[in-house]
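A short worksheet on the structure shown next.
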Amino acid sequence: MSSRLVGVGVGPGDPELVTVKGVNALRAADVVVVPVLDSGERGRAEATVLHYVAAGKVVRVVFALNERTDRARREAAWDAAGERVAGLLREHGAVAFATIGDPNVYSTFTYLAQTVVELVPDTVVETVPGITAMQDLAARSGAVLTEGTEPLTLVPVTAGAAVLKDALAGPGTVVAYKFGRQAGEVAEALRETGRIGDAVWGSALGLPEESVRPAAELGGAPLPYLSTLIAPPRRDGGRGGKL
């Protein structure tokens, strides 16, 4: 029989935002893999998973989650993680991988699945969608992501603040992920493009240390790495004006 690797989106941190299908997938798997930093600290995915499955079923696998500069170290970490999960698949047959947000949106699961399929070619890869940080922030802040024919642009600011500025100069809502370390540059880009008035940002959504604030309050100090920004367009046309 083919091995099954299921990427399960467990949302941005609030355990109540895991879907029923996601919970069922976690419980149906023989083991649930959660990514951890090499420091060993518990991440959001692990904390969320432990609300639904026993700790004895959870396997912690080290990933270079925040490594951006040392490609060799990052690749070695991916290879080691892939080997570990491939071994689990050979032993158990059905493995779930829990990832914050959605497994098909900027997720470590993408790289893991590619590596595992090379090592265990008969592996069937599936994904269970999860609620994303931009959806959660929109709900908590009251920001409307899109109306009518507006486009939605999602930008990881790890690509640089210039990419965000280009997006802000265009139409529709712009969402920025992982902008915390460049908060000052992001605030400047919002002001230069006239977008700062309606923009909001949030971090640690659904957790005790949650912060949801107007972007106008952004200063130059760094924010948590996983901070999310929503910058809606100007909407002057009244109800249905964007249809």
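No hydrogens, no waters, no symmetry mates; every other heavy atom, side chains included, goes into these values. If you read the sequence from its start, that first residue is 1, and numbering goes on from there. Since the model is a prediction, treat every value here as computed from it, not as a measurement.
For the residue pair T132 / D102, no side-chain donor-acceptor distance below 3.5 Å is found, with atom types taken as modelled. Using a 3.5 Å distance cut-off with no hydrogens or angles, the side chains of S107 and T99 do pair a donor with an acceptor.
Under a cut-off of 6.0 angstrom, the local environment of CD in E217 is crowded, with over 12 non-hydrogen atoms contributed by other residues, nucleotides or ligands. The number of heavy-atom neighbours closer than 6.0 Å to OH of Y111, taken from other residues, nucleotides and ligands shown, is 12 or below. Atom CZ of R195 is surrounded by more than 12 heavy atoms from other residues, nucleotides or ligands within 6.0 Å.
Closest approach of L229 to A215, counting heavy atoms only: CD1-CB, 4.1 Å. Looking at every heavy atom in both residues, V200 comes nearest to S141 through CG2-OG, 3.6 Å. L50 and A55 get closest at one heavy-atom pair: CD2-CA, 3.7 Å. Residues P35 and A45 share a closest heavy-atom pair of CD-CB, 4.2 Å. Scanning all heavy atoms of the two residues, the minimum distance from A98 to V10 falls at CB-CG1, 4.1 Å. In terms of heavy-atom proximity, L207 sits nearest to G13 at CD2-O, 3.6 Å.
Using a 4.5 Å cut-off on side-chain heavy atoms (C-beta onward), V61 and R84 make contact. When side chains are defined from C-beta on, L218 counts as touching L190, because their heavy atoms get closer than 4.5 Å. Using a 4.5 Å cut-off on side-chain heavy atoms (C-beta onward), L223 and W201 make contact. Put simply, the side chain of D30 does not reach to within 4.5 Å of the side chain of R4, judged on heavy atoms. Considering only heavy atoms from C-beta on, R60 comes within 4.5 Å of R42 through its side chain. At least one side-chain heavy atom of T48 sits less than 4.5 Å from a side-chain heavy atom of V18. L226 places a side-chain heavy atom less than 4.5 Å from the side chain of R44. Side-chain contact between L145 and V175: present, with at least one pair of heavy atoms (C-beta onward) separated by less than 4.5 Å.
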Self-check item: From CA spacing to verdict: side chain to side chain donor-acceptor pair (under 3.5 Å), T115, E118
Solution: CA-CA 5 Å; T115 305; E118 292 177 359; 5.7 Å; no
Practice problem: Using the side-chain contact (heavy atoms from CB on, under 4.5 Å) rule, take V58 and V53 through it: C-alpha gap first, then chi angles, then the decisive distance, then the call. | Solution: CA-CA 8 Å; V58 176; V53 301; 3.8 Å; yes
Quiz item: side-chain contact (heavy atoms from CB on, under 4.5 Å) between L164 and F179: does it pass, once the steps are laid out?
Solution: CA-CA 10 Å; L164 173 63; F179 81 91; 5.8 Å; no
Practice problem: Please assess T127 against N104 for the test side chain to side chain donor-acceptor pair (under 3.5 Å), listing each intermediate value before the final yes or no. | Solution: CA-CA 8 Å; T127 57; N104 293 306; 3.2 Å; yes
Practice problem: Start with the C-alpha gap between V157 and R181, add the side-chain angles, then the distance that decides, and say whether side-chain contact (heavy atoms from CB on, under 4.5 Å) holds. | Solution: CA-CA 9 Å; V157 182; R181 294 175 183 171; over 6 Å; no
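The hydrophobic clustering, which links ILVMFWY residues whose side-chain heavy atoms are closer than 4.5 Å, places V49 and V23 together. Cluster annotation: Y52 is connected to V34 through the hydrophobic network of ILVMFWY side chains, with a link wherever side-chain heavy atoms come within less than 4.5 Å. There is a path of hydrophobic side-chain contacts, each under 4.5 Å, that joins V59 to V125. Hydrophobic clustering of Ile, Leu, Val, Met, Phe, Trp and Tyr side chains at less than 4.5 Å, counting indirect connections, unites V95 with W78. One hydrophobic cluster holds both L5 and V117 under the rule that ILVMFWY side chains link at heavy-atom gaps under 4.5 Å.
Atom CG of L26 sits about 7.5 Å away from atom NZ of K57, to the nearest 0.5 Å. Rounding to the nearest 0.5 Å places CD1 of I100 at 13.0 Å from CD of E46. The distance from atom CD of Q135 to atom CD1 of I230, rounded to the nearest 0.5 Å, is 10.0 Å. Rounding to the nearest 0.5 Å gives a distance of 6.5 Å between OG1 of T146 and CG of L152. We find the CG-OG1 distance between D136 and T228 to be 9.0 Å, quoted to the nearest 0.5 Å. For the atom pair OG of S3 and NE2 of H92, the computed distance is 11.0 Å after rounding to the nearest 0.5 Å.
Side-chain atoms of E192 do not come within 3.5 Å of backbone N or O of A189 as any donor-acceptor pair.
A salt bridge between R140 and E210 is present, with a side-chain N of the basic residue lying under 4.0 Å from a carboxylate O of the acidic one.
Qualifying ring pair (Phe, Tyr, Trp, His ring centres under 6.0 Å) partners for F97, counting only residues two or more places apart in sequence or in other chains: F63, F109.
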